[in-house]
Amino acid sequence: MEKLNVVHALKPVLLMVLVQVTNAWVNVLYKLALNDGMNLSIIVAYRYVFATVFIAPLAFLIERKTRTKMTWTILFQAFVCGLIGGALPQNLNMEAIALTSVTFTTAISNLVPALTFIISLSFGLERLNLKTAGGKAKIIGTITGISGAMILTFLKGPEVQMLSFHINLFNHPNGNVVHPHATSGVMTIFGALASVASNVSYALWLIIQAKMSERYPCPYSSTALMSLMGALLSVSYAFCVERDLSEWRLGWNIRLLTVAYAGIVVSGVMVAVISWCVRARGPLFVSIFSPLMLVVVAFAGSTILDEKLYLGSIIGSVMIICGLYVVLWGKSKEMKKNQSVPSESAHKLDTVEIMVKPRVEEKSNNSNSLVNAVNAVGENGEKK
């Protein structure tokens, strides 16, 4: 039983680690597709089309007997999730990559835990609890993780020699990238604002997803609805941006692999996993794992992509992992405290019940004694 409890407690943690590893590899495929000349908005559109085609049949089969009845409120929440959790943040993130760089947008994405924590406070989903050890741990762990992500991104230091397979996947023979980095300072500011807006949108999606899961506790069906809304919005936007149908063609190449992986694995399976984790542990728990993607990218780049690894990357990675442990410890302390409250009240009720029973038995014994005494008197009277 203890082993089963440990596995059940570690399940959300392991699932969120898997989510971040998966998201890290989709960024690698994005770079390869961009080097191949694929349009940014078309990638997003195909991503949600593949996600809808994959997750909708699964949702119909798995949750056909347990699915909650659809209402206009749930449908509206699905539309909002598809907008601010799908089409909007993905297109903003792509534009940010085009105007700045992948490194910059990845660094800005580590603001998601802080943004989610602030928004969760305003919605009453999280509490500071500065007087408790768990509340302090959440704040300290969040700050430590974000600081480590910034150090990993911006601080280099001396180079650290590691095992390398001497493979550089980014050296495409054509060498053409469809998103030339903007040299204008004004465009860089616009790219930074687009990146921040993308992460604000993602943080809001985590909050609304938590609210939606209360009314519609069906992770596969909610993911299918969100993917459908995201596909409709993304395709509409992509056709407004790119009307050349030749740009929409997919062959047996890196373009098909990118959109299929991003749609089926990331936007299909992983979003269902995120929805389950949000319902199980809350939006802050999910968002705190975001910096792990930087760790995966840093080590994958040094070992597989023949990129250099610096001391700053190692220090930042250690800080991110330490921050995660501190936050998880704080969350576990709060969960144990919340679980102990009903158990204590139940214990008090049991104690009262135990104290009452002897009194009842004592009263019944006294009553029986009086009856026996009366009977005895009667019998003695009759004898006399």
Given L250 and V259, is the side chain to side chain contact (heavy atoms under 4.5 Å, CB included) satisfied, shown in steps? CA-CA 9 Å; L250 296 175; V259 297; 3.9 Å; yes
Does any non-hydrogen side-chain atom of [Y] lie less than 4.5 Å from one of [X]?
X: M229; Y: C81; result: no
X: Y202; Y: L88; result: no
X: V286; Y: M16; result: yes
X: F50; Y: Y261; result: no
X: N23; Y: F289; result: no

What are the two closest non-hydrogen atoms of [X] and [Y], and how far apart are they?
X: I140; Y: T144; value: O-OG1, 2.7 Å
X: K69; Y: I74; value: O-CD1, 3.7 Å
X: T68; Y: Y216; value: O-CE1, 3.3 Å
X: V49; Y: A231; value: N-CB, 4.0 Å
X: A45; Y: A238; value: CB-CB, 4.0 Å
X: A262; Y: V26; value: CB-CG2, 3.6 Å

Roughly how far, to the nearest 0.5 Å, is [atom2] of [Y] from [atom1] of [X]?
X: S222; Y: R215; atom1: OG; atom2: CZ; result: 14.5 Å
X: M70; Y: C218; atom1: CE; atom2: SG; result: 8.5 Å
X: M212; Y: M226; atom1: CE; atom2: CE; result: 9.5 Å
X: L225; Y: T52; atom1: CG; atom2: OG1; result: 9.5 Å
X: M270; Y: Q20; atom1: CE; atom2: CD; result: 10.5 Å
X: N199; Y: L204; atom1: CG; atom2: CG; result: 11.0 Å

I'd like to know if [Y] and [X] are part of one continuous hydrophobic network [Ile/Leu/Val/Met/Phe/Trp/Tyr, side-chain heavy atoms within less than 4.5 Å].
X: V326; Y: I139; result: no
X: L75; Y: L228; result: no
X: F54; Y: L18; result: yes
X: V196; Y: L83; result: yes

Does Q90 form a side chain to side chain contact (heavy atoms under 4.5 Å, CB included) with S234? I'd like the steps, not just the answer. CA-CA 9 Å; Q90 286 297 321; S234 299; over 6 Å; no
Rest of the hydrophobic cluster containing L61 (Ile/Leu/Val/Met/Phe/Trp/Tyr, side-chain heavy atoms under 4.5 Å)?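 Same cluster as L61: F60.
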What pairs with Y237 under side-chain contact (heavy atoms from CB on, under 4.5 Å), at least two apart in sequence or on another chain?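 Scan of Y237 (side-chain contact (heavy atoms from CB on, under 4.5 Å), adjacent residues dropped) gives S41, N91, E95, V241.
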Do [X] side-chain atoms and [Y] backbone N/O form a donor-acceptor pair below 3.5 Å?
X: S201; Y: A197; result: no
X: T258; Y: L29; result: yes
X: W248; Y: F239; result: no
X: R47; Y: G86; result: no

K11 and side chain to side chain contact (heavy atoms under 4.5 Å, CB included): which partner among L15, L14, V13?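 Single pass found, and it is L15.
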Counting only heavy atoms not in Y220, do more than 12 fall under 6.0 Å of its OH?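 Not buried by this count: 12 neighbours or fewer within 6.0 Å.
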Quick one: do I254 and L257 satisfy side chain to side chain contact (heavy atoms under 4.5 Å, CB included)? Show the steps, please. CA-CA 5 Å; I254 191 61; L257 176 62; 3.9 Å; yes
I would like to know whether Y48 and L232 meet side chain to side chain contact (heavy atoms under 4.5 Å, CB included); could you show each step before the answer? CA-CA 8 Å; Y48 286 105; L232 294 175; over 6 Å; no
